[in-house]
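Everything numeric in this text was worked out from a predicted model, so none of it was measured.
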Amino acid sequence: MVSSLMNPVPPSQPIPAALHLPIEGMTCASCVARVERALRAVPGVADATVNLATEQASVRGSASLDPAALVAAIERTGFRVPAQEIDLSIEGMTCASCVARVERALATVPGSETVAVNLATERARVRTRNPAALDDLLAAVARAGYQATPVTADAGPSTRPRDAHERWMLAGSALLSLPLVLPMLLAPLGIDAMLPGWWQLLLATPVQFIAGARFYRAGWHALRARSGNMDLLVALGTSAAYGLSLWQVLRHGGHAGHGDIHLYFEASAVVITLVLLGKWLETRAKRHTLDAIRALQALRPETARVLEAGGERELPLAQLRAGMTAVVRPGERVPADGEIVEGDTHVDESLITGESLPVVRGVGDSLTGGAINGEGRVLLRVTAVGAQSRLARIIAMVEDAQARKAPIQRVVDRVSAVFVPVVLGIALLTLLGWGLANGDWTQATLNAVAVLVIACPCALGLATPTAIMAGTGVAARAGILIRDAEALEVAQAVRVVAFDKTGTLTAGRPRLTALVPLEAGADADALLAVAAGLQSGSEHPLARAVLQAAQDQSVAPLPLADLRTEPGRGLRGAVHGRRYVIGNARWMDELGLPTAAALQQHAELPGRGDTVSWLAETDAAPDPDRPPRLLALLAFSDTLREGAQQAIATLAAQGVRSVMISGDHRTAARHIAAQVGIRDVHAETLPQDKAAVVEALKTQLGDGQGRVAMVGDGINDAPALAAADVGIAMGGGTDAAMHAAGITLMRSDPRLVADALDVSRRTWRKIRQNLFWAFIYNLVGIPLAAFGLLNPVIAGAAMALSSVSVVSNALLLKRWQPRHEENP
């Protein structure tokens with residue numbers, strides 16, 4: 001996915017029509033004029049025009065025009081060129097050293113801010129503010145010895161042509177190597193089937209220089225870049241064995257391979273074959289880590305059926321637009337996000353939300369593109385298509401999580417940077433040590449070859465990304481979207497989870513259970529009309545409850561003007577010269593209104609856990625000196641979400657302490673907390689105070705004693721979600737909450753919180769296991785090879801096994817299931 005608004009231009013060519021740069025922050029015509037003056041002053045610019053509506057600048061100039069100079073000129077005016085993220089598919093990477101070299105090459109491109117290269121997905125993601133960076137990035141990768149191509153938004157992982165080539169190359173290499181290794185297997189049985197030296201040379205040469213050509217090419221590029229990688233180790237090791245054998249054949253002719261004249265063609269050929277086998281198995285295994293992305297991409301239907309004046313018409317999905325009316329027949333996939341305008345049905349959203357049972361949907365309900373329609377025919381007004389759809393955002397979030405590096409990967413990268421040079425040094429010491437010690441340079445060469453082959457750092461580069469891909473993929477299928485690898489790493493260490501109450505532990509759909517006038521003779525319906533008028537512009541659950549009550553009682557909301565929201569307090573508005581407010585007790589206390597006395601008369605309401613709001617008049621035009629007065633008390637009741645109690649119990653079993661942070665009345669918050677089993681309650685908390693409570697919880701834990709997670713669903717929870725070590729947003733919540741969170745739950749089930757922590761811990765366990773195996777192969781294998789206890793063929797098999805074992809171990813995560821589904 002190349003998220004840019006410009007046409008990339010190679011710096012070595014004349015700029016064709018124009019170079020387009022997005023600009024943020026412009027608000028008026030004077031801004032436009034200031035930017036245009038700045039751009040025209042840049043050397044090489046022939047003309048520059050800025051469009052305020054599209055927030056873009058179009059620049060014409062000469063071939064010497066420097067895009068970075070344009071960005072600098074814009075930023076000197078006080079505006080900003082936003083960064084773009086460019087995804088590249090990289091071919092030719094084989095180990096952690098390759099990853100490090102590609103990252104270094106991409107980081108040298110002017111404008112590159114962050115670079116992340118993933119060996120498992122064979123992709124690179126670059127964040128840059130250079131509007132012409134794409135060609136520079138492609139050239140930098142080519143100079144490093146690899147091939148890069150841009151990844152488009154709709155491109156799915158496809159390696160079939162390369163797979164076929166690798167399969168045929170492996171098969172040919174195995175057929176040619178078999179006659180070379182067969183005599184070794186028959187020798188213990190007393191059967192001498194050793195081929196003459198010339199025949200061995202004839203069989204080994206195609207394996208060495210055709211099947212093994214990839215190692216020479218990549219190794220040469222590594223040398224040119226003054227670096228090293230797995231391919232260089234394989235090329236050096238097998239070339240040494242092949243060259244030694246070739247020397248023996250040239251010296252002794254047909255006698256080579258018999259008696260005391262040993263040949264080692266089988267070592268070079270079999271090592272290459274085993275490495276190719278390991279890479280092929282590794283590629284097949286890695287493909288399974290992409291299953292989650294493939295499954296999500298497969299949810300997109302190819303066509304959509306739309307309703308027009310002349311009837312129904314089928315058209316390609318790419319031509320579907322927001323505002324169209326789509327027809328979804330029984331059994332079909334929903335083509336795009338939309339709202340049902342006609343019909344009722346059941347919808348299977350399991351692959352999107354992880355919800356195992358179909359859900360009822362009717363007129364006014366939203367449908368997500370990719371869901372499967374049940375038994376009813378429905379008409380859908382399309383609201384979002386393409387990259388704006390929910391499915392596209394889910395895919396982007398999963399891809400982003402799989403592309404980013406975990407912080408622990410930085411340690412692996414530092415090790416990889418020095419790994420190959422250290423191995424080359426050990427191999428040289430092995431060669432010199434054995435050769436000088438006993439004069440047997442043949443054995444010395446074989447031992448050095450074994451060191452080079454066993455040390456290939458493939459497993460080291462695959463250990464972390466494959467586990468992250470498998471873990472985030474299986475989590476996505478359960479309805480848990482993990483935004484990045486850092487959130488995954490932090491979540492596994494969570495020891496305290498802070499929950500919002502309304503909409504998180506409760507259903508978030510409270511109902512108005514009582515409206516109590518506080519003045520004698522007051523009309524309850526008239527007060528309900530005022531309250532509904534105040535709440536008409538709000539999406540808060542309590543506001544919806546008031547509006548629903550007014551609708552049920554056929555009371556029309558009073559049309560108030562100058563409606564304003566007071567965050568964490570309530571709303572205010574005016575009508576006919578009178579000013580009204582509706583809000584919580586804290587706000588009433590700030591206004592000097594006597595809520596305590598009113599509560600004493602109706603103590604049963606907060607006592608049973610009802611949420612209490614207050615309606616008050618703060619100013620009246622006929623009598624401006626009249627003090628503010630309370631008009632009514634409104635009581636709301638809410639119900640627990642299904643699974644809330646089980647969620648808290650599961651977290652406790654995991655050793656995680658649960659805390660409630662709510663803006664609601666203290667008694668109501670404690671009533672709900674007691675029902676679910678939470679003892680630590682922070683009530684009547686403003687949005688900014690929620691973040692402070694989270695910070696206090698982090699301080700209580702102390703460094704190294706665990707992390708704090710915050711679970712919420714509303715815009716008021718966004719500051720606390722951002723303040724927590726990891727934020728967890730309920731999928732039914734607001735976009736602000738989801739953007740501030742590191743983990744998003746695709747359905748509003750609090751049990752998924754424990755599942756998210758569980759899958760992160762299991763993934764982290766796999767990462768540690770993989771790194772252990774990756775290091776242990778080398779820590780054990782290199783000394784064995786250096787001391788002559790490991791021949792090159794066994795070393796090659798062990799090296800191939802290390803990569804396959806790491807990927808296979810990561811794939812065990814695919815067996816994970818949410819705990820409440822394992823034990824319903």
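- Minimum interatomic distance between Val451 and Ile782 (heavy atoms only, all atoms of both residues): CG2-O, 4.2 Å.
- In this structure the side chain of Asn118 never reaches within 4.5 angstrom of the side chain of Arg125, judged on heavy atoms.
- For the atom pair CG (Asn809) and CG (Asn770), the distance works out to 4.5 Å, reported to the nearest 0.5 Å.
- Checked by atom type and distance alone, the side chain of Lys766 never pairs as donor or acceptor with a backbone atom of Thr466 at under 3.5 Å.
- With contacts defined as side-chain heavy-atom distances shorter than 4.5 Å, the pair Val109/Thr128 does not qualify.
- With contacts defined as side-chain heavy-atom distances shorter than 4.5 Å, the pair Val494/Asp725 does not qualify.
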Requested in this report: Show your reasoning for whether side-chain contact (heavy atoms from CB on, under 4.5 Å) applies to Thr763 and Gln492.
Outcome: CA-CA 8 Å; Thr763 303; Gln492 61 87 27; over 6 Å; no
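- Here the side chains of Glu489 and Ile767 are not in contact, with every heavy-atom distance at 4.5 Å or above.
- With hydrogens and angles ignored, the 3.5 Å screen pairs no side-chain donor or acceptor of Ser173 with any backbone N or O of Met169.
- Side-chain atoms of Leu106 and Leu88, non-hydrogen and from C-beta on, do get closer than 4.5 Å to each other.
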Report task. In sequence, state the C-alpha distance, the side-chain angles, and the governing distance for Thr238 and Gln208, and then conclude on side-chain hydrogen bond (donor to acceptor under 3.5 Å, both in side chains). Result -> CA-CA 8 Å; Thr238 57; Gln208 186 70 36; 3.0 Å; yes
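- Within the 4.5 Å cutoff, side-chain heavy atoms of Thr273 are placed close to those of Leu170.
- Here the side chains of Leu424 and Leu428 are not in contact, with every heavy-atom distance at 4.5 Å or above.
- Nearest heavy-atom pair, Ala57 versus Ile23, reported as atom, atom and distance to 0.1 Å: CB-CD1, 3.6 Å.
- Residues Val141 and Leu137 fail the side-chain proximity criterion, which asks for heavy atoms closer than 4.5 Å.
- Residues passing the salt bridge (charged side-chain N to carboxylate O under 4.0 Å, His left out) test with Arg80, sequence neighbours excluded: Glu24.
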Listed pairs under 3.5 Å, donor-acceptor, residues 34-46 side chains, sequence neighbours left out:
from, atom 1, to, atom 2, distance (Å)
Arg34, NE, Thr77, O, 3.4
Arg34, NH2, Thr77, O, 3.4
Glu36, OE2, Val50, N, 2.9
Arg40, NE, Ala48, O, 3.2
Arg40, NH2, Ala48, O, 2.7

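- For Tyr216, the ring pair (Phe, Tyr, Trp, His ring centres under 6.0 Å) partners at least two apart in sequence or on another chain are Phe209.
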